[in-house]
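Below is one structure, written out as structure tokens; comments come after it.
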Amino acid sequence: MSPPKETNNKINTAKSSDGTIVKAGPIVKREKVILHIDGDAFFVGVEIAKNPKLRGLPVVTGEERGIVSALSYEAKALGITRGMPIFRVKREFPKVKILPGDYHSYVEYSTKMFDIVRRYVDDVEEYSIDECFGELTGLDKPLGMSYRQIAERIKKEVNEELDLSVSIGLAPTKVLAKVASNWVKPNGLTVIESALAVDFLQKVPIKKIWGIGPRTAELLNRKDIMTAKDFYDKDIAWIKLILSKPYETIWQELHGISVMEIDSAPKTVYSSVQKTRSFHPSTNDKTFLWSQLSKHIEDSCRKARHFNLVPRKFSIFLKTKDFEFVTALILLPSPSNSPEILLPLAHAHFENIHKKGVLYRTTGVTLLDLMADFVPQDDLFGSNAQASKFETIHKQIDLLEEKFGKIVIYLGSTKNAIDHKAQDGGTDSEDLDKNLLFL
DNA sequence: TCTGGGGTCCTAGGACCC
DNA sequence: TCTGGGGTCCTAGGACCC
């Protein structure tokens with residue numbers, strides 16, 4: 001192994017591709033180089049790539065959910081924000097183009113974007129649909145490019161091949177790389193050296209740092225910590241005293257000490273799986289609420305089966321009109337991802353938590369303590385025999401559904417929820433009637 | 001009778017992310 | 001901005017044990 005390379009301390013400036021001047025000092029050899037790439041208004045970006053006529057217009061997505069999920073920069077300029085109700089957009093901004101989300105396309109573009117990054121980088125962590133981290137450390141030599149050049153190439157290829165705009169950050173840690181990719185947006189490329197990190201952090205409000213949410217920001221503000229630099233300037237002992245472990249990690253990362261690993265393993269292990277649905281107006285209709293829960297149980301079990309996971313327990317919850325949670329935790333006698341096993345257990349608890357006269361706005365189911373599926377003991381006389389019969393049936397149905405590319409069979413208790421969906425302009429419920437399985 | 005110190009496991013709930 | 005649908009991790013505190 002060669003010793004760490006001496007670095008000269010000359011600092012030069014360079015122009016990023018969008019013309020912004022960014023300080024680019026020497027990158028110290030022993031430090032990591034982490035890339036963070038972030039799609040600019042990603043969902044809307046994909047819509048524009050699909051239909052270039054939309055370029056330059058105020059566009060939002062989220063029509064089917066009733067709130068804005070993504071918005072173009074033109075829409076933002078009008079004063080529209082994420083989460084704004086669609087009816088308000090229609091009323092106050094009649095010229096804005098409102099689109100339903102097209103999740104399949106988003107996944108497709110997301111995959112293509114990550115594949116471009118992987119042309120250059122082996123260790124890529126797909127952090128969310130529109131963001132990933134890449135470990136560039138040491139790739140400059142074999143690729144024959146500077147780190148900045150690698151980032152520029154990736155950006156150019158995403159721009160040209162996918163017609164998508166992205167912002168990129170390069171820094172010695174993940175947290176700093178997030179600061180960097182956010183620094184110039186859209187279409188930015190920013191490098192943060194640890195020696196220069198303070199210059200950036202001075203201009204970043206503490207609440208903008210990844211991992212510091214509104215609660216903690218407020219607490220810190222009360223202690224006169226307003227910017228990321230204020231936080232940086234505290235000593236670690238103080239952080240430990242006031243806050244919990246994740247914040248020590250953030251402090252170290254801001255100081256250029258990389259403690260968060262890049263996790264490039266594809267996501268196949270979940271510790272929980274959740275399905276929820278809100279509706280308006282809020283309702284007390286028991287049949288309706290139960291059918292919603294029934295559907296959530298079916299859908300969450302389907303997802304668990306897809307990843308070969310079984311829960312040891314699960315919870316059902318109702319959220320009231322006033323955003324109060326009522327939940328019931330249910331332990332399974334033996335782990336199972338067959339809805340027929342969960343449903344009767346859930347029903348008893350549902351009867352308990354559902355109160356007369358209370359209006360509910362959301363239903364939800366979470367499968368918890370997921371573990372890798374195992375073949376149940378061959379106990380022919382006990383409940384396991386029945387459970388494994390259900391598992392066999394579901395495996396067949398899952399295969400069928402994969403073949404048809406859609407959900408074809410539902411349990412009878414879910415019927416009401418399906419009908420309701422059909423009314424919203426979804427699938428034809430008469431088609432589904434044939435496929436209901438009654439127990 | 002009165003009482004210590006330490007460990008593990010579990011749960012609820014808070015806080016955060018996109 | 002009266003608020004969608006997924007997730008993760010951490011901590012405090014109780015139960016139980018020696």
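Just so it is clear: chains get the letters A, B, ... in the order the sequence lines come, proteins before strands, and each one is counted from 1. Keep in mind that the numbers below use all heavy atoms, side chains included, and drop hydrogens, waters and symmetry copies.
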Keeping A/Glu64 on the side-chain end and A/Gly101 on the backbone end, is there a donor-acceptor pair under 3.5 Å? yes
Counting side-chain heavy atoms from CB outward, which of [options] is closest to [X]?
| X | options | answer |
| --- | --- | --- |
| A/Asp130 | C/dT8, B/dC18, C/dG4 | B/dC18 |
| A/Tyr127 | C/dC10, B/dC18, B/dC16 | B/dC18 |
| A/Phe323 | B/dT11, B/dC17, C/dG4 | C/dG4 |
| A/Tyr270 | B/dC17, C/dT8, C/dT3 | C/dT8 |
| A/Lys275 | B/dA15, C/dG5, C/dG6 | C/dG6 |
| A/Ser244 | C/dG4, C/dC10, B/dA15 | C/dC10 |
| A/Glu131 | B/dA15, B/dC18, C/dG5 | B/dC18 |
| A/Leu331 | C/dC10, B/dT11, C/dT1 | B/dT11 |
| A/Trp210 | B/dC18, C/dT1, C/dG4 | B/dC18 |
| A/Thr276 | C/dG5, B/dT11, B/dC17 | C/dG5 |

Nearest-angstrom distance, P atom, C/dC18 to B/dT3: 23 Å
Contact class for [X] vs. all strands (heavy atom < 4.0 Å): base, sugar-phosphate, or nothing?
| X | result |
| --- | --- |
| A/Thr327 | nothing |
| A/Arg215 | sugar-phosphate |
| A/Lys267 | sugar-phosphate |
| A/Gly211 | sugar-phosphate |
| A/Ile129 | nothing |
| A/Lys319 | nothing |
| A/Val273 | sugar-phosphate |

So do A/Thr227 and A/Ile206 actually touch side chain to side chain, heavy atoms under 4.5 Å? no
I'd like to check A/Leu35 versus A/Val121 (side-chain heavy atoms, cut-off strictly below 4.5 Å). Are they in contact? no
CG of A/Asp40 to OH of A/Tyr73: how many Å apart, nearest 0.5 Å? 4.0 Å
First encountered from the 5' end of DNA chain C, between A/Arg361 and A/Gln274: A/Arg361
Of A/His296 and A/Thr81, whose closest DNA chain C nucleotide lies nearer the 5' terminus? A/Thr81
Is the phosphate of [N] approached by [X] (side-chain N or O, under 4.0 Å from OP1 or OP2)?
| X | N | answer |
| --- | --- | --- |
| A/Lys321 | C/dC2 | no |
| A/Ser272 | C/dT8 | yes |
| A/Lys245 | C/dT11 | no |

Dot-bracket for DNA chain C, 5' to 3', with Watson-Crick and G-U pairs under 3.5 Å, [ ] for crossing pairs and | for other-strand pairs: what is it? ....||||||||||||||
Show me the donor-acceptor pairs within less than 3.5 Å that the side chains of residues 231-244 of chain A make with the rest of the protein, sequence neighbours left out.
{"from": "A/Asp233", "atom 1": "OD2", "to": "A/Lys229", "atom 2": "NZ", "distance (Å)": "2.7"}
{"from": "A/Asp235", "atom 1": "OD1", "to": "A/Ala237", "atom 2": "N", "distance (Å)": "3.4"}

Give the ring-plane orientation class for A/Tyr106 versus A/Tyr103, where under 30° counts as parallel, over 60° as perpendicular and anything between as tilted. perpendicular
Mind calculating the distance between CZ (A/Phe43) and P (B/dC18) to the nearest angstrom? 13 Å
Which of these passes side-chain hydrogen bond (donor to acceptor under 3.5 Å, both in side chains) with A/Ser194: A/Lys32, A/His255, A/Glu31? A/Glu31
Looking only at the side chains, is there a donor atom on one of A/Thr276 and A/His296 sitting less than 3.5 Å from an acceptor on the other? no
